[in-house]
Amino acid sequence: MIFLDNLINGLSLGSIYAIIALGYTMVYGIARMLNFAHGDVIMVGAYIAFCGLQYWGLPPVLAFVVAMLFCTCLGITIEGLAYRPLRQATSLAVLITAIGMSYLLQNIALMIWGANPKSFPTTFINGSSIRLGQLNISTAAIITILANVVIMVGLTLFTSRTKLGKAMRCVSEDRGAAELMGINVNRTISLTFAIGSALAAIAGILLCSSYPILQPTTGSMPGIKAFTAAVFGGIGSIPGAMLGGILLGVIEIFGKAYISTELGDAIVFAVLIIVLLVKPAGLLGKPMREKV
Amino acid sequence: MSEIKNPAVTSDQSLPLLKVKDLHVYYGAIHAVKGISLEVHEGEIVTLIGANGAGKSTTLNTVAGLLKPRQGSIVLGGVPVDGTAASKMVFKGLSLCPEGRRIFQQMTVRENLEMGAYSRPREEIEASLEDVFGRFPRLKEREKQIGGTLSGGEQQMLAMARALMSRPKLLMLDEPSMGLAPILVDQIFGIIEEMHASGVTILLVEQNAQMALSVANRAYVLETGAISMSGDASDLLQNDDVRKAYLGS
């Protein structure tokens, strides 16, 4: 029973990592950059949802939609203001800008909401739990895992069936050839940031529903772990992000439960190092092919 | 071969389909294209030949909008298009089949072709697919296969078919024979002639001057960024200087 409990907790935590990792991996795949501000968009999304619930008296679903819309706009704005002017710059310049953007978001949050942790309100997500025999499963875990499945299926359909989704795959494979097809690369990159940031808002809400402490640094650690998950699964690969996120969550929870609570994170990163030694491109990553 | 090479060429001297005038392109400080002017008329195959680094691909890429000229004008069908983004050029009726094929390796043959028709309304795509599969029966057989698993010759066919999917007024082909076995080179040039016969206007860049001159109506010879010779392809094929420099005889 404890094993099953841990497994469900691991899947739930892993689902959150996976949803965040999708944002990293999609942006990397299409814009070839590591958007380290992504973790902080999660935090912003959670704060907006918090404000909607606590201060503006919105019904939960509406508050979550507002948070998603806000993050979508935030993502597009960040890309347009900070990253687009650097499209031809070295990757190092873009990386430093992303780190700067991360601190900027944290400090703006600090200015607006202060350093004191806020307690994320109870909603339909984390209100109750379901009893299955001896197993007690929180609704938050169920909703998180379900949300992850829905997002995965939705994104897979989007990239394989729709014109915009296919255009995204083209840009990710060969930007120049995509332009020759008539695809507007800048608009495609904006769209990617929009989707990634909306997912970040969902991740923020789910994260704070399971771990209801909200502060300006709330997004950093999950952000770094989800980045790890994206690398673990093979950065640039959507199924890879999903697999990497889930595995990371499960390993973290099992590591904490059965090996050592203090070493939980260390175990996660040790597994990452081993995987990357054996498969440098990540579990589902494709090694970079030389163009002939 | 000879019946395809018809002299419909000069029917409309007044308004060329493509008119490039005094084009200058730089890579940083390097002056790669130094004042190239050329014309392509409707129904023609025009070829740009020349050695490596003569500026052939640079010229095509600039016309396609991938590179920005520092000076000069590009007029397509009477409309100035210089400064237009590459992603808009295909909407104006120009399609570039780039050097090195650049097909989408992880997409299926069909998806590659659909992306070629990105600029066109959905309901027209099916008819274009039929048309292209008629020209390239090999691609029809491989419809569901992933692009990266095709052979080099098939990838070149896919790249040309993809470029045709936009129904361009002008099709630009950059080194279609590069890296292919001689028998495939013949096949690719056969396809180019068929496309021409069906009314596609083509601007062809080639290092294989022999083949290019034998299918083209007119040709421009490029040397270190400038045009050193131009004229009817059949005349250039007989020209001693051209023979020495590019045909190895």
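The chains referred to below are lettered A, B, ... by the order of the sequence lines, with proteins before strands, and numbering in each begins at 1.
- The line from CE of B:M89 to CD of A:E179 is 12.0 Å long, rounded to the nearest 0.5 Å.
- Proximity to chain A (any heavy atom under 4.5 Å) is restricted, for B:L66, to the side chain, taken from C-beta onward.
- Remark: A:F36 CZ is packed, more than 12 non-hydrogen atoms of other residues, nucleotides or ligands lying under 6.0 Å away.
- Neither the backbone nor the side chain of B:L94 has a heavy atom closer than 4.5 Å to any heavy atom of chain A.
- Open room surrounds CZ on A:R187; 12 or fewer heavy atoms of other groups in view lie less than 6.0 Å from it.
- B:I183 CD1: 12 or fewer foreign heavy atoms inside a 6.0 Å radius.
- Closest heavy-atom contact between B:F91 and A:G182: CE1-O, 3.6 Å.
- Here B:Q105 contributes atom CD and A:D174 contributes atom CG; the two are 9.0 Å apart, rounded to the nearest 0.5 Å.
- Here the side chains of B:M165 and A:M181 are not in contact, with every heavy-atom distance at 4.5 Å or above.
- In this structure, chain B has no heavy atom under 4.5 Å from any part of A:S172.
- Between A:L180 atom CG and B:R162 atom CZ the span is 7.5 Å, to the nearest 0.5 Å.
- Looking at B:M107, both its backbone and its side chain come within 4.5 Å of chain A, counting heavy atoms on both sides.
- Side chain of A:E173 to main chain of B:Q106: a donor-acceptor pair is present (N/O by atom type, distance under 3.5 Å, no hydrogens or angles).
- Minimum interatomic distance between B:M115 and A:C170 (heavy atoms only, all atoms of both residues): CG-SG, 3.3 Å.
- Contacts with chain A were tallied for B:N112, B:N61, B:V90; B:V90 has the most, counting heavy-atom pairs under 4.5 Å.
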